[in-house]
There are 2 protein chains.
Amino acid sequence: MEDELSRAFAALADPIRRDIVARLTADDMTVTEIASDYDVSLQAVSKHLRVLEAAGLISRRRDGQQRWAHLEVDVFDLLTGWIDTYRRRAELRHQRLDEILRRST
Amino acid sequence: MEDELSRAFAALADPIRRDIVARLTADDMTVTEIASDYDVSLQAVSKHLRVLEAAGLISRRRDGQQRWAHLEVDVFDLLTGWIDTYRRRAELRHQRLDEILRRST
DNA sequence: TTCGTACTCAACCGCAAGGTTGAATAAACG
DNA sequence: CGTTTATTCAACCTTGCGGTTGAGTACGAA
């Protein structure tokens with residue numbers, strides 16, 4: 001788990017972190033706001049946010065006492081980019097297979 | 001890590017497993033074939049394949065002594081489905097924000 | 001039936017992940 | 001200033017992951 005792709009996939013493997021990401025699509029939120037939604041400690045949520053930040057999925061801005069989390073959608077492109085590359089490759093292979101089968105009959 | 005989505009994200013968080021998936025887009029492969037590509041034991045690769053299977057990313061077929069791994073692309077849709085849902089939601093929010101800003105000037 | 005090949009099972013190890021609690025820092029407020 | 005509020009840091013615990021080695025299973029070939 002070194003590269004950005006691994007960090008992004010790993011970050012989204014946790015249900016709480018996925019849910020945080022989902023909520024951040026509606027609005028930027030503070031740590032306390034986010035933590036109130038879950039049955040874990042504030043510190044645990046703080047850790048989750050650090051993981052999301054390290055994965056590039058969120059950015060953070062300090063405003064007085066509060067730290068606002070903001071969703072960064074660019075990493076989504078990284079993920080779908082990887083997935084689509086190999087999905088396309090798999091589909092191409094099937095198309096070629098189908099063609100061979102069609103020609104051989 | 002209980003649901004399919006978590007298992008799929010977690011499965012792809014590992015570079016070796018991502019590489020296995022990538023290679024399986026070209027052709028079905030046996031455990032030994034796959035293992036020859038990496039600097040880990042056959043047993044380690046066997047474990048990786050079990051993880052990929054549990055995530056629904058591959059299926060396996062026994063043929064004599066060999067077990068062939070076959071890529072199952074449907075899980076890709078599950079992942080891109082999740083990602084696109086929230087990307088779209090984030091983009092909608094920004095559009096609304098832009099509109100409000102435009103109207104208020 | 002014996003032997004080699006392909007693979008899995010089982011036990012173990014080191015380490016990181018996700019959780020906790022308690023203390024520290026930092027800003028707002030009286 | 002002292003106190004409350006927001007957040008992080010630090011130490012710790014337990015669990016799971018990715019790796020290993022060694023033994024077991026299952027099939028093919030001789």
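In what follows, every chain begins at residue 1, and chains take the letters A, B, ... in the order their sequences are listed.
Distance H48(B) NE2 to dT20(D) P: 9 Å, rounded to the nearest Å. In this structure, the CG atom of L12(A) is 16 Å from the C1' atom of dG18(C), given to the nearest Å. Rounding to whole angstrom units, CG of residue D28(A) and C1' of dA6(D) are separated by 17 Å. Put simply, CG on L52(B) is 10 Å from P on dG18(D), counting in whole angstrom units. The CG-P distance, from L49(A) to dG19(C), rounds to 12 Å in whole Å. Rounding to whole angstrom units, NZ of residue K47(A) and P of dT7(D) are separated by 17 Å. Taking atom CZ of residue R67(B) and atom P of nucleotide dC27(D), one finds them 11 Å apart after rounding to whole Å. The distance between atom CZ of R17(B) and atom P of dC17(D), rounded to the nearest whole Å, is 9 Å.
Of the residues in residues 54-66 of chain B, those lying under 4.0 Å from DNA chain D by heavy-atom distance are G64(B), Q65(B). Contact check of residues 31-43 of chain A against DNA chain C (heavy atom, cut-off under 4.0 Å) returns V40(A), S41(A), Q43(A).
Taking the six-membered ring where tryptophan is involved, the planes of H70(A) and H94(B) are tilted, since the angle between them lies from 30° to 60°.
Residues L57(A) and L12(A) have side chains in contact (heavy-atom distance under 4.5 Å, counting atoms from C-beta outward).
Residues forming a side-chain contact (heavy atoms from CB on, under 4.5 Å) with I16(B) (at least two apart in sequence, or on another chain): D14(B), I20(B), Y38(B), V40(B), H48(B).
Checked by atom type and distance alone, the side chain of T85(B) pairs as donor or acceptor with a backbone atom of G81(B) at under 3.5 Å.
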Can R7(A) and D3(A) be said to form a salt bridge (Lys or Arg N to Asp or Glu O under 4.0 Å), step by step? CA-CA 6 Å; R7(A) 272 195 296 267; D3(A) 55 306; over 6 Å; no
Steps toward side chain to side chain contact (heavy atoms under 4.5 Å, CB included) verdict (D27(B), R93(A)): CA-CA 8 Å; D27(B) 237 327; R93(A) 175 198 165 200; 3.5 Å; yes
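Residue order along DNA chain D, read from the 5' end via each residue's closest nucleotide, puts S46(A) first among I16(B) and S46(A).
Side-chain N/O atoms of T30(B) and Q66(B) include no donor and acceptor closer than 3.5 Å. Between the side chains of R18(B) and S6(A), at least one donor-acceptor pair of N or O atoms lies under 3.5 Å.
Nearest heavy-atom pair across I34(A) and A69(A) is CD1-CB, 4.3 Å.
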